Student: 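Below is the structure I would like to discuss, written out as structure tokens.
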Amino acid sequence: MKRKPGPSTLAVHGTPARRSDWTPVTTPIFQSSTFTNPVGSDEQVMYSRYGNNPNQVSLAGRYALLEGTEAALFVSSGMAATALAHLAVLRPGDHLLSSSWIYGGTRRLFEEEFGRLGIDVSYVNPDQPRQWRRSVRKSTRAVFVETPTNPLARVVDLTPMAQIARDSGLALMVDATFASPINFRPVEHGADIVITSATKYLNGHSDVVAGAVAASASIIEEVTRLMTLWGQPIDPHAAWLVERGLKTLSLRMARHNLNGMAVARWAETQDAFTRVHYPGLPSHPDHALATQLLDGFGGMVGLELKGGTRTVERFLKKLRLVTHAPSLAGVESLISEPRLTSHAALSQDERLTLGIPDGFVRLSCGIEDADDIIADLAQAAG
Ligand SMILES: *Cc1c(COP(=O)(O)O)cnc(C)c1O
């Protein structure tokens, strides 16, 4: 019987196979827009907009193995992945049922663009799981969920949506960027399509913007067709960098998980923070669910500082190791204020309703030594 390799092995090797002599150990960079093709051949040509550049193919294969899907496709950003995955399953006149806990960019895509394509979007608060079935219409074709969420790290149980998707023949689409396939694999819980911002944990080094879709071969074929027409392939060099990042994904996630937990536990004992949001803490509303569903709680920690925006500014200016920058999931610890970044489009009241008061900071714990991250936070809060 053939053993199925573990995720660390898959991330390093793809499907392990004996190499022939005198071949490169890593995938070389094919920095070429086009490739020679046989005269008179009617086979598809090789062209880097078609997703068939060897770097694009190699990376996609490796990622599909990690998600446990038949196929995958990398594109030029997480937003490109979200847009193309939705366009692959929705037509004018269709309805999309979305979780209301989603990334700001995704929300804007739905609000500003889908309407003029004739796609109607409505929202369900995952805190009310019974609303999913009640909100399905005759025209509903897909359900979109993000888990864990930004910035509160809420963990959504996919069971009710997966059931509805199966019963009614809908596509269940999940953005699991915050977990990476090391911590959570949506297809194991009934998802049909996985969307990820590879800018975040997959690449992990804050030096590439990229995205990916993982699904059945037929869905990926349709996403690929759309990509060749709308034109958002990943560049070969970026693909090569993400593949290199992927090799250490499992190791990095192990450290992100440890650091997130250490920082959250420490912060909970500090007077400077009125509340700490981390799914690994028993005080988190989804702690039980997260323990059951996730293989790790990740590196994202939400902190509420006592004293509001003025205190936050003083705190952020005193930080030395933890860097004030948007984005997340890189090897270096980053911190940002959702009120000025991901949730800037909302009013103060709307943010409060979502559980993001002024004074809230989102910390992405990197892979530094946890004691050093803690020491930096302590001196800045003191
Ligand atoms: C960052 C992010 C995106 C968008 O990804 P880009 O690579 O910046 O286009 C989508 N979803 C989630 C959850 C994200 O964190």
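All ligand and atom numbering here is 1-based and tracks the order in the structure. Remember, predicted model here, so these are calculated numbers, not experimental data.
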Student: Side-chain donor-acceptor pair under 3.5 Å between E243 and S58, yes or no?
Tutor: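 Indeed, the side chains of E243 and S58 share at least one donor-acceptor pair under 3.5 Å.
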Student: Hey, is R154 close enough to D286 for a salt bridge, meaning N to O under 4.0 Å?
Tutor: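 Between D286 and R154 there is a salt bridge, with a charged N closer than 4.0 Å to a carboxylate O.
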Student: Of the protein's non-hydrogen atoms, which lies at the shortest distance from atom 13 (C) of ligand 1, and what is that distance?
Tutor: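 Checking every protein heavy atom, the shortest distance to atom 13 (C) of ligand 1 gives D175 OD2, 3.4 Å.
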Student: Within a reach of under 6.0 Å around CZ of R255, are more than 12 heavy atoms found that belong to other residues, nucleotides or ligands?
Tutor: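 For R255, atom CZ is crowded (more than 12 foreign heavy atoms under 6.0 Å).
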Student: Hey, which atoms in ligand 1 end up nearer than 4.0 Å to a heavy atom of E146?
Tutor: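 Those atoms are 13 (C).
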Student: If I apply the N/O under 3.5 Å rule, does V209 come out as touching ligand 1?
Tutor: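 It does not: no N or O of V209 is found under 3.5 Å from an N or O of ligand 1.
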Student: Nearest to atom 5 (O) of ligand 1, what protein heavy atom do you find, and at what distance?
Tutor: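 For atom 5 (O) of ligand 1, the nearest protein heavy atom comes out as S197 OG, 3.0 Å.
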Student: Could you check whether H324 and E337, counting side-chain N and O atoms only, form a donor-acceptor pair closer than 3.5 Å?
Tutor: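 Judged by distance alone, the side chains do not pair up.
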Student: Under 3.5 Å, is there a donor-acceptor pair linking the side chains of D349 and S347?
Tutor: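 Judged by distance alone, the side chains do not pair up.
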Student: Looking only at the aromatic ring of each residue, does the gap between the centers of F114 and H86 stay below 6.0 angstrom?
Tutor: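 They qualify: ring centres under 6.0 Å apart.
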Student: Heavy-atom contacts with F178 under 4.0 Å: which atoms of ligand 1 show up? List them by number with element.
Tutor: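 Matching atoms, with element in brackets: 15 (O).
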Student: What protein heavy atom sits nearest atom 7 (O) of ligand 1, and how far away is it?
Tutor: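 Minimum-distance protein heavy atom for atom 7 (O) of ligand 1 reads T199 OG1, 2.6 Å.
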Student: Nearest to atom 6 (P) of ligand 1, what protein heavy atom do you find, and at what distance?
Tutor: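 That would be G78 N, 3.4 Å.
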Student: Any idea which atoms of ligand 1 are less than 4.0 Å away from a heavy-atom of A210?
Tutor: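 Reading through ligand 1 atom by atom, the close ones are 7 (O).
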Student: Could you tell me whether E43 atom CD has more than 12 heavy atoms of other residues or ligands within 6.0 Å of it?
Tutor: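 Not buried by this count: 12 neighbours or fewer within 6.0 Å.
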Student: So which protein heavy atom does atom 4 (C) of ligand 1 come closest to, and at what separation?
Tutor: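 Heavy-atom neighbour on the protein nearest atom 4 (C) of ligand 1: Y103 CE2, 3.6 Å.
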Student: Report the nearest protein non-hydrogen atom to atom 2 (C) of ligand 1: residue, atom name, distance rounded to 0.1 Å.
Tutor: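 Here the closest protein heavy atom is K200 NZ, 2.5 Å.
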